[in-house]
Amino acid sequence: MIGSYAPAVRFVSTRGSAPAASLGTALFDGLAPDGGLYVPEPIEPWSPEEVAELTAMSLADIGVRVLRPFARSIDARTLGAVVHDALDFDIPLVNVEPGIYALELFHGPTLAFKDVGARVMARLMATLGGDVTVLTATSGDTGSAVAHAFYGIASARVVILYPEGRVSPTQEAQLTMFNNEPGSNVRGYAIAGSFDDCQRLVKEAFADKELRRRVPLTSANSINVGRLLPQMIYYFHAIAELKRRAGDVPRPIVCTPSGNFGNLTAGLMAKRAGAPIARFIAATNVNDVVPQYLISGRFEPRASLHTIANAMDVGNPSNFERMLWLYGGEVDKLRRDVSGSVHEDAEVKATIKDVFDRTGYVLDPHSAIGYLGITRREGQERREGIFLATAHPAKFSEIVEPVIGKAIVRPAALTHALDRPRQMLRLGATLAAVKGAVGG
């Protein structure tokens, strides 16, 4: 376990021109003063003995061990309470077909993987104290997870920006479900534009020094390192579950469906911390700027294209900056750990149907891209493969049901969100409009 000899973890900027920060500063500021993204330094690896003990650890045990080096300012009992309260749902590893496993990250309250990071982050911020306004851009699932995680936390006010007409009806219901609640601390606003426009507005707000002097502003999307640290947990958990099911198998390959690349960055951090993963596949829809970078060595962001896997419709992923930092800007080093895989809508639909017809397993479009990446890897290495199933298929029933020819049973949490009265709020795609929404 972690001893007193372990070096203190600081949070440093990817751009290298800002002072090192504490966990609290990184959480509540979101961006570093030089405009960079906070990253933990160092990321100390687990000992081989600790990795060997993974199968004896519960999800909450793993969560506390993962977070402990980064949260030494929080006493052990309080950190344990944070993790137990946040991760009060299962994350099962399901054997879809021989050698291929789905890590189902969609059993939280909003039925998407973002629940893990958002719920832990919200509770960490409540524990560390201080009033804050959370401004977040979402391409779909982040916003609803953040809204649910922070709803009712008295010290937080939440403003969520999402692209109008580019999220699923179910996602929009979850994003707006608290808008007309009396005294609600959460508001979701539709922006005329793409996710990239929403993300640009968030970055402009953070860069506005006058606004930040008056409003204590932070973000809860993967710009904030507080979202990434908890996401490291389920990579270790996946290894524990695989060992329980398959025994002492070689290190697996993990495929992460990728849009803004926070989820993959958390996986790379977990690997650096000792998670025994052979390598990663970054599977994307046609918004493939990172897979193209891995081929060409040139990062060329562009306007995002709308797809059926809308939460991954990102043309300028902010976490690419963290990925470069982790590998010292050297593409060859990154290529050793990550390869890309790119898939179009027609292929995604065909895969959803094929997997359902053969196995009975139902994939949402994002998880289908993860399945495609892990099953079409180069050389078909004789290793177990895990793909992250990032959203419940019922969240995308309007896409999935016509493909499989069958209705999907809605989980109770989703039925509750859809049945609630809600109010849609629109906001102009300008910094002035955003400043008005956050009280600036």
Side-chain angles (χ1 to χ4, degrees), residues 89-116 139-141 144-145 148 165-177 238 241 245 255-259 283-286 306-313 341-376 385-420 422:
F89 51 89
D90 292 332
I91 303 180
L93 186 72
V94 176
N95 192 191
V96 177
E97 59 189 59
I100 301 296
Y101 297 83
L103 184 68
E104 291 188 346
L105 296 167
F106 51 70
H107 294 281
T110 70
L111 311 175
F113 82 95
K114 306 291 179 71
D115 283 322
V116 174
S139 55
D141 290 330
S144 53
H148 196 285
R166 297 196 181 196
V167 301
S168 76
T170 300
Q171 287 172 321
E172 188 164 61
Q174 292 180 312
L175 284 166
T176 59
M177 65 187 290
E241 290 294 299
R245 297 179 66 93
C255 183
T256 303
S258 300
T284 72
N285 56 28
V286 294
H306 184 47
T307 76
I308 62 172
N310 66 286
M312 295 158 59
D313 291 348
S341 186
V342 181
H343 305 282
E344 298 181 350
D345 282 356
E347 186 182 12
V348 173
K349 287 183 177 180
T351 296
I352 292 171
K353 177 172 174 52
D354 172 63
V355 172
F356 178 74
D357 289 347
R358 287 188 298 105
T359 72
Y361 192 81
V362 184
L363 296 160
D364 91 288
H366 308 79
S367 305
I369 289 174
Y371 172 89
L372 280 164
I374 202 66
T375 55
R376 300 192 180 180
I386 298 172
F387 69 94
L388 303 193
T390 53
H392 195 289
K395 294 192 76 169
F396 299 89
S397 57
E398 70 280 356
I399 296 167
V400 176
E401 289 180 349
V403 171
I404 66 173
K406 181 179 178 180
I408 302 169
V409 177
R410 282 182 187 162
L414 190 54
T415 299
H416 176 65
L418 291 171
D419 289 347
R420 283 171 68 113
R422 56 186 181 271

Decide yes or no for [X] and [Y]: does some side-chain heavy atom of the first lie under 4.5 Å from some side-chain heavy atom of the second?
| X | Y | answer |
| --- | --- | --- |
| Glu401 | Ile408 | yes |
| Ile91 | Val116 | yes |
| His392 | Leu414 | no |
| Phe113 | Leu388 | no |
| Arg410 | Thr170 | no |
| Asn95 | Arg245 | yes |

Out of curiosity, [X] [atom1] to [Y] [atom2], how far, rounded to the nearest 0.5 Å?
| X | Y | atom1 | atom2 | result |
| --- | --- | --- | --- | --- |
| Ile399 | Ile308 | CD1 | CD1 | 5.0 Å |
| Phe387 | Glu104 | CZ | CD | 8.0 Å |
| Leu418 | Ser397 | CG | OG | 8.0 Å |
| Met312 | His343 | CE | NE2 | 8.5 Å |
| Ile352 | Ile369 | CD1 | CD1 | 8.5 Å |
| Lys406 | Phe356 | NZ | CZ | 4.5 Å |

Tell me the closest heavy-atom pair linking [X] and [Y], and the distance in Å.
| X | Y | answer |
| --- | --- | --- |
| Cys255 | Gly373 | SG-CA, 3.8 Å |
| Glu398 | Pro169 | OE2-CD, 3.6 Å |
| Glu347 | Val342 | OE1-O, 4.2 Å |
| Tyr361 | Ala102 | OH-CB, 3.5 Å |
| Pro411 | Ala394 | CD-CB, 3.8 Å |

[X] side chain to [Y] backbone, donor-acceptor under 3.5 Å:
| X | Y | value |
| --- | --- | --- |
| Ser258 | Thr256 | yes |
| Ser367 | Leu363 | no |
| Asp115 | Leu111 | yes |
| Lys395 | Thr110 | yes |
| Glu344 | Val286 | no |

Got a sec: does the CG of Asp90 have more than 12 other heavy atoms crowding it under 6.0 Å?
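Count not over threshold, so no.
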As a quick check of understanding, evaluate side chain to side chain contact (heavy atoms under 4.5 Å, CB included) for Asn310 and Arg166, giving each step before the final call.
CA-CA 7 Å; Asn310 66 286; Arg166 297 196 181 196; 5.8 Å; no
Any idea how Phe396 and His366 line up, ring-wise: parallel (<30°), tilted (30 to 60°), or perpendicular (>60°)?
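Phe396 vs His366 ring planes: tilted.
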Pairing donors with acceptors under 3.5 angstrom, does anything connect the side chains of Asn285 and Asp345?
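Judged by distance alone, the side chains do not pair up.
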Using the rule given for side chain to side chain contact (heavy atoms under 4.5 Å, CB included), can you reason through His416 versus Met177, listing the C-alpha separation, both sets of side-chain angles and the distance that settles it, and then say yes or no?
CA-CA 10 Å; His416 176 65; Met177 65 187 290; 4.3 Å; yes
